[in-house]
A.B. asks: 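This structure is in structure tokens; I'll ask about it shortly.
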Amino acid sequence: MIAMDKYQVARMLDEIARYIQLSETNPFKSRAFERAARRIETLERDVAELVTSGDLYSTPGIGKGIGPVITEIVTTGDSTYLDELRNQYPPGIFDLLRIPNLGLKKVGILYEQLGVTSIDELEKAAKDNLVAGLPGFGSKTQQKILEGVAFARKRESQFLLPRGIEAGELIREQLAAIDEVEDTEVAGSVRRRMEIIRNVNVVVSTRAPERVIEQLPRFVSDVEPIDEKTVKGIARGEMPVIFHFTFPEDFGLTVLRATGGKEFVAAFEAKAGRKLKATNEEQLFEKAGIPFVEPERREDAEELKRKKRPSLVHPSDLRGTFHVHTTYSDGRNSVADMLGAARDLGFDYCGISDHSVAAFYARGLTPDQVKIQQTEIAREAKKVAPMRVFRGTEADILPDGTMDYGEDLDMFDFVVASIHSRMQMTEEEMTERILRALDDPHVTILGHLTGRRLLTRDGYRIDYDRIFDKVAERRVLLEINGNPQRLDVDWRQVRNALDRGVLFTINPDAHSVKEMGYVVSGTWVARKAGLTAKEIFNTRPVDEVEEWLKKRSSPKSN
DNA sequence: GCCGTTTTCGGCCCGACTGTTTTCAGTCG
């Protein structure tokens, strides 16, 4: 028996489902595989044991078609069915899904009829006017495809921050193992924790740069010099890495310059007055007589003008969090697993909030299902005591601004109000919609303010001033959504919100145990905006939080 | 492909939007 965990099995079933969608006209066959994947994924027992015990076929959604596929995967680690499907299509066919409004059906047609297997080939076909004549396609679709190709190309040179952090730290470790390297630092936009980056900057302190440069091809490809102190390379075939070489006595200044931003560095150097020798940045600031400025606060020179430096919020300040999904809706892990993850983070409290019934696509819960979940939460809460557990929901703000669940929201300790539908309203309509939701006394937290998906789609347009004023007036918490694809609210808007009296909460919007770590990415936003612990609700002690939530859920106080 | 006190075939399936159609298919959240 090969050791396959349930997630590996589910991934293979999902891949089969995608291939079926490409080729089959019957949408229900692919959906059956997806359903089976979800079933396996949310299994409370070992998938291998399910197979050996013979209970596989009494599992809902698994019959004589999918059952043997799962059995083969679990016993051999492979699927001949999946291999056949893979052989029918070119590798990389799913790359085409990066074009907006291209789904599996259209990709299937493009491949079958025109032999299109890549974005380049798609662009050529569209330019040759071959796409417009296909069934289900027309001239507008062809035009949109060309726009989509341009969109995807632009995105190819941009990356979400975690990719840069991972690449930078890996290279840093590898460099540190070289004898001639005395010190290293990841700098640039990665160190400033910009949400979207174009490259990774690494500063290398050494007496023998040429000896280090010789070894760079071990970590990156396409190594080429930019100038005598700077070398460029490509990590993992996609991420540009810029190496800044320096002697140890100039390490401090080189790190500062390579970290940026331009405006900050210029103001710093003007203030320092001369080129300072320093083996690290702290020493550099000290010699310049300038209190240290955290890298996140260096987008402009404002911080240099300030007399007092705020102590930026740190992940260790967080004592708990809200907005955590479970297998009851679209999360990948059980209530017990998610609470365990919160406890492992050292939290004193955790709020569970699955989707509401209107979020059909995310398997939102009916009120009856909520009752069942709350019974389970109560049971699991005992096991993680003294950590406290709050029973919440991420309820949809409906298009008219009323809240999903209506008066049934009384069932919850807290309510995250979010928009998941009808996102193309005008700014005025969207603002009114959110303002109305904020007037509902059940609402505790306003979730992912703009609904943006970084590198994928812009958020909906809203009147920030009016919404922040209402959030403050209603004493609703404004979520800082820590999912690196969202990081919503944008850090550039935070100061405005703060000035209007808004209180924040850093939430992971976790859909798995691993994503509980998104509370850390949430602090990136807070820190870039200059927030301290006192402006973040979930740095408060659990008794205070419980009291606050109780007050909010009794309508009289509102 | 799965399912069935409406059981072996026909239904499964939310709702808005877009572009393609001339009544609907594909995409998205």
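All of these numbers come straight from a predicted model, not from anything done at the bench. All heavy atoms count here, side chains included; hydrogens, waters and symmetry mates do not. Labels below follow one simple rule: chain letters A, B, ... track the order of the sequence lines, proteins then strands, and each chain is numbered from 1.
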A.B. asks: Does A:T141 place a side-chain N or O at less than 4.0 Å from the phosphate oxygens OP1/OP2 of B:dT20?
C.D. replies: yes
A.B. asks: Return the nearest nucleotide to the side chain of A:K105; candidates are B:dG26, B:dG1, B:dT20.
C.D. replies: B:dG26
A.B. asks: Send over the distance from A:F94 CZ to B:dT27 P, rounded to a whole Å.
C.D. replies: 13 Å
A.B. asks: Are A:E49 and A:T52 linked by a side-chain donor-acceptor pair shorter than 3.5 Å?
C.D. replies: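 Checked: A:E49/A:T52 side chains show no N/O donor-acceptor pair below 3.5 Å.
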A.B. asks: B:dC13 base to A:R31 side chain: any donor-acceptor pair below 3.5 Å?
C.D. replies: yes
A.B. asks: Looking across every strand, which nucleic acid part, if any, lies under 4.0 Å from A:S139 by heavy atom: base, sugar-phosphate, or nothing?
C.D. replies: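 Sugar-phosphate only.
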A.B. asks: If you measure from the P atom in B:dT27 to the same atom in B:dT20, how many Å do you get, rounded?
C.D. replies: 13 Å
A.B. asks: Is a salt bridge present between A:E515 and A:R332, judged by a nitrogen-to-oxygen distance below 4.0 Å?
C.D. replies: no
A.B. asks: Between A:E429 and A:R422, does any side-chain N to carboxylate O distance fall below 4.0 Å?
C.D. replies: no
A.B. asks: Taking for each residue the nucleotide of DNA chain B with the nearest heavy atom, is it A:S421 or A:S30 whose nucleotide lies nearer the 5' end?
C.D. replies: A:S30
A.B. asks: Salt bridge or not between A:D354 and A:R391? Use side-chain N to carboxylate O under 4.0 Å.
C.D. replies: no
A.B. asks: Quantified in whole Å, what is the C1' atom distance between nucleotide B:dT21 and nucleotide B:dC14?
C.D. replies: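 Pairwise C1' distance, B:dT21 against B:dC14, rounds to 23 Å.
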A.B. asks: Using whole Å, what does the distance between atom P of nucleotide B:dC13 and atom CG of A:N26 come to?
C.D. replies: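 Atom CG in A:N26 sits about 14 Å away from atom P in B:dC13.
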A.B. asks: Please determine whether a side-chain nitrogen of the Lys or Arg among A:D439 and A:K470 lies less than 4.0 Å from a carboxylate oxygen of the Asp or Glu.
C.D. replies: yes
A.B. asks: Can you pull every protein N or O that's under 3.5 Å from an N or O on nucleotides 3-7 of chain B?
C.D. replies:
residue: B:dC3; atom: OP1; partner: A:G61; partner atom: N; Å: 2.6

A.B. asks: Which part of the nucleic acid, if any, lies within reach of A:R457 when heavy atoms closer than 4.0 Å are counted: base, sugar-phosphate only, or nothing?
C.D. replies: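 The answer is sugar-phosphate, as A:R457 gets under 4.0 Å only of primed atoms, P, OP1 or OP2.
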A.B. asks: Compare all side-chain heavy atoms of A:D95 with those of A:S118 and state whether any distance is below 4.5 angstrom.
C.D. replies: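 No, their side chains stay 4.5 Å or more apart.
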A.B. asks: If I take atom CZ in residue A:R422 and atom C1' in nucleotide B:dC17, what distance separates them, rounded to the nearest angstrom?
C.D. replies: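 Atom-to-atom, A:R422 to B:dC17, this comes out as 9 Å.
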A.B. asks: Whole-Å distance between B:dC28 P and A:R452 CZ?
C.D. replies: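 After rounding, the reported distance stands at 21 Å.
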A.B. asks: If we count only N and O atoms by modelled type, under 3.5 Å, do the side chains of A:T505 and A:N507 hold a donor and an acceptor together?
C.D. replies: yes
A.B. asks: Between A:E427 and A:R466, does at least one N-O distance fall below 4.0 Å, as a salt bridge requires?
C.D. replies: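 No, A:E427 and A:R466 are not salt-bridged.
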A.B. asks: Using atom P in both nucleotides, what's the gap between B:dG26 and B:dT22 to the nearest angstrom?
C.D. replies: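 It comes out at 15 Å once rounded to the nearest Å.
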A.B. asks: For B:dA25, what is the paired nucleotide under Watson-Crick or G-U wobble rules, both distances under 3.5 Å?
C.D. replies: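 Its partner is B:dT18.
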A.B. asks: Between A:Q21 (CD) and B:dA25 (C1'), how many Å, whole number?
C.D. replies: 13 Å
A.B. asks: Under 4.0 Å between a side-chain N or O of A:K29 and OP1 or OP2 of B:dG1?
C.D. replies: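 So the side-chain polar atoms of A:K29 do come within 4.0 Å of the phosphate oxygens OP1 or OP2 of B:dG1, strictly under.
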A.B. asks: On the nucleotide B:dG19, are OP1 or OP2 found under 4.0 Å from the side-chain N or O atoms that A:K144 carries?
C.D. replies: yes
A.B. asks: For A:R153, is there an ion pair with A:D120 - N to carboxylate O distance below 4.0 angstrom?
C.D. replies: yes
A.B. asks: Where along residues 358-369 of chain A does a heavy atom come under 4.0 Å from DNA chain B, residue by residue in number order?
C.D. replies: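 Under 4.0 Å from DNA chain B: A:F360, A:Y361.
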A.B. asks: So what does A:L104 touch, heavy atoms closer than 4.0 Å: a base, only the sugar-phosphate, or nothing?
C.D. replies: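 Answer is sugar-phosphate: A:L104 comes under 4.0 Å of backbone atoms only.
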A.B. asks: Does A:E299 reach the side chain of A:M194, with side-chain heavy atoms less than 4.5 Å apart?
C.D. replies: yes
A.B. asks: With rounding to the closest Å, how many angstrom separate the C1' atoms on B:dC13 and B:dC2?
C.D. replies: 14 Å
A.B. asks: Could you work out the separation of B:dC24 and B:dC12 based on their P atoms and round it to a whole Å?
C.D. replies: 16 Å
A.B. asks: What's the gap between B:dT8 and B:dG1 when it is taken at their C1' atoms, as a whole Å value?
C.D. replies: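 Result for the C1' pair: 14 Å, nearest Å.
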A.B. asks: In whole Å, I'd like the distance from the CD atom of A:Q424 to the C1' atom of B:dG15.
C.D. replies: 11 Å
A.B. asks: State whether A:R38 and A:E41 are salt-bridged, where the test is any N-O pair (Lys NZ or Arg NE/NH1/NH2 against Asp/Glu carboxylate O) under 4.0 Å.
C.D. replies: yes
A.B. asks: Whole angstrom is fine here: how far is it from CZ in A:F28 over to P in B:dC9?
C.D. replies: 19 Å
A.B. asks: Using only heavy-atom distances, decide whether a donor-acceptor pair under 3.5 angstrom links the side-chain of A:N101 to the base of B:dG26.
C.D. replies: no
A.B. asks: From CD of A:Q485 over to P of B:dG29, roughly how many Å is that when rounded to an integer?
C.D. replies: 10 Å
